[in-house]
2 protein chains.
Amino acid sequence: MPKQITEMLKGTLEGIVLAILAGRAAYGYEITTWLREQGFSDIAEGTIYALLVRIEQRGLVDVEKVPSEKGPPRKVYSLNAAGREYLDEFWNNWGFLSERLEQLRKEGQ
Amino acid sequence: MPKQITEMLKGTLEGIVLAILAGRAAYGYEITTWLREQGFSDIAEGTIYALLVRIEQRGLVDVEKVPSEKGPPRKVYSLNAAGREYLDEFWNNWGFLSERLEQLRKEGQ
DNA sequence: TCGCGGTATTCAGCGTTACTATGTACTAGT
DNA sequence: ACTAGTACATAGTAACGCTGAATACCGCGA
């Protein structure tokens with residue numbers, strides 16, 4: 001994974017995870033696996049767990065502990081009202097950023 | 001400026017500045033002013049100058065000192081070959097990220 | 001003449017975030 | 001008993017943008 005992506009992910013990774021949780025409840029290991037399948041090849045597990053702890057402490061998600069047949073209990077996260085609001089803001093901000101960048105890219109050639 | 005944007009800018013701001021310099025040579029104060037006009041209302045001057053120092057040290061830009069009628073001499077930056085190459089990578093990475101996010105946004109409603 | 005505002009750059013210290021590396025724990029298969 | 005896969009956690013590090021302040025040069029009005 002290029003170092004550029006690492007820096008670009010700051011701030012966006014959080015939005016990505018919230019967007020995933022907006023679609024369905026999920027747990028850390030699941031999210032990591034899914035992201036890797038999507039091409040985020042080298043996202044570290046630790047990164048996702050730390051991120052989940054952060055958004056939980058900010059009250060953006062609800063957590064439920066669910067026993068697993070294959071290992072230690074899963075912590076299943078789901079987006080709550082505050083989380084949805086925060087995600088809206090994220091989309092606004094990302095839309096803004098995205099527009100400016102598309103503009104620049106067009107001018108570039 | 002929301003705190004979300006601050007984090008999202010990490011990594012991308014560098015690409016934005018390089019993209020600007022790909023169009024034309026420019027100096028710090030000028031870039032800051034232009035960004036503010038584009039809606040990046042609260043980008044700190046110090047941020048841009050620090051960024052310019054970084055990309056200079058990585059050899060992505062050439063620098064020329066030009067006297068100004070209105071203050072201390074300007075440091076005019078222009079993108080060199082290495083910078084153009086790096087900017088290409090940036091567009092690739094941003095394209096990748098942008099696609100995944102658009103995907104997620106679509107699924108979101 | 002003095003100060004003010006606009007131009008222009010620099011720097012130390014801080015907070016946030018993602019990565020590295022490692023450790024823990026539970027289950028199933030060999 | 002050992003290994004591999006599942007699942008979570010955390011201490012330490014690097015990178016980046018922000019805050020706040022300082023420095024410097026110019027022209028204009030009081």
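Within every chain, numbering begins at 1; the chains are lettered A, B, ... in the order of the sequence lines, protein sequences first and strands thereafter. From a predicted model like this one, the values you see are computed outputs, not experimental measurements. The basis for the numbers below is simple: all heavy atoms, side chains too, and nothing from hydrogens, waters or symmetry mates.
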Counting heavy atoms from C-beta on, name the nucleotide in [options] closest to the side chain of [X].
{"X": "A:Tyr49", "options": "C:dT9, C:dC19, D:dA7", "value": "D:dA7"}
{"X": "A:Thr6", "options": "C:dA18, D:dT10, C:dT16", "value": "C:dA18"}
{"X": "B:Tyr27", "options": "C:dT9, D:dT10, D:dG17", "value": "C:dT9"}

Taking atom [atom2] of [N] as reference, at what distance in whole Å does atom [atom1] of [X] sit?
{"X": "B:Gln57", "N": "D:dC16", "atom1": "CD", "atom2": "P", "result": "11 Å"}
{"X": "B:Leu97", "N": "C:dT17", "atom1": "CG", "atom2": "P", "result": "16 Å"}
{"X": "A:Glu7", "N": "D:dG17", "atom1": "CD", "atom2": "P", "result": "7 Å"}
{"X": "B:Ile55", "N": "D:dC16", "atom1": "CD1", "atom2": "P", "result": "11 Å"}
{"X": "A:Phe40", "N": "C:dA18", "atom1": "CZ", "atom2": "C1'", "result": "13 Å"}
{"X": "B:Gln4", "N": "D:dG17", "atom1": "CD", "atom2": "C1'", "result": "16 Å"}
{"X": "B:Lys3", "N": "C:dT16", "atom1": "NZ", "atom2": "C1'", "result": "8 Å"}
{"X": "B:Met8", "N": "D:dC18", "atom1": "CE", "atom2": "C1'", "result": "16 Å"}

A:Leu51 or B:Tyr77, whichever maps to the more 5' nucleotide of DNA chain C: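 The residue closer to the strand's 5' end, by nearest nucleotide, is B:Tyr77.
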Quick one: on DNA chain C, does A:Glu14 or A:Glu45 contact a more 5' nucleotide (nearest heavy atom)?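 The residue closer to the strand's 5' end, by nearest nucleotide, is A:Glu14.
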Should we say atom CD of B:Glu89 is surrounded by more than 12 heavy atoms from elsewhere, each under 6.0 Å from it?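 More than 12 within 6.0 Å, yes.
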Can you confirm whether more than 12 heavy atoms, excluding those of A:Glu102, are under 6.0 Å from its CD atom?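 Atom CD in A:Glu102 is crowded, with more than 12 foreign heavy atoms closer than 6.0 Å.
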Would the distance check show the side chain of A:Tyr86 and the main-chain N or O of A:Gly15 forming a donor-acceptor pair, the cut-off being under 3.5 Å?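 Not at all, since once roles are kept as given, no pair shorter than 3.5 Å links the two residues.
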Do any N or O atoms from the side chain of A:Arg84 and from the backbone of A:Ala22 form a donor-acceptor pair under 3.5 angstrom?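 Judged by distance alone, no pair lies under 3.5 Å.
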Between the base of C:dT16 and the side chain of B:Lys10, is there a donor-acceptor distance below 3.5 Å?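 Check passes, donor-acceptor contact within cut-off.
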Indicate, with a heavy-atom threshold strictly under 4.0 Å, whether [X] touches base, sugar-phosphate, or nothing.
{"X": "B:Gly28", "value": "sugar-phosphate"}
{"X": "A:Leu52", "value": "nothing"}
{"X": "A:Gly11", "value": "sugar-phosphate"}

With a cut-off of less than 4.0 Å, is there a side-chain N or O of A:Tyr29 near OP1 or OP2 of D:dT6?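 Checking A:Tyr29 against D:dT6: at least one side-chain N or O falls below 4.0 Å of OP1 or OP2.
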Is there a side-chain contact between B:Arg58 and the phosphate of D:dC16, meaning an N or O under 4.0 Å from OP1 or OP2?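 Yes, within the criterion.
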Taking all non-hydrogen atoms of both residues, which atom of A:Ile31 and which atom of A:Leu21 are closest, and how far apart?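 Between these two residues, the closest heavy atoms are CD1-CD2, 4.1 Å.
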For the student: nearest non-hydrogen atoms of A:Thr12 and B:Leu101, plus distance: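 Distance-wise, the nearest heavy atoms are CG2-CD1, 3.8 Å.
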Between residues 61-75 of chain A and DNA chain C, which residues have a heavy-atom gap below 4.0 Å?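 Output list: A:Glu69, A:Lys70, A:Gly71, A:Pro72.
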Taking it one step at a time, do B:Lys75 and B:Glu56 satisfy salt bridge (charged side-chain N to carboxylate O under 4.0 Å, His left out)? CA-CA 11 Å; B:Lys75 281 178 76 178; B:Glu56 181 187 353; 3.7 Å; yes
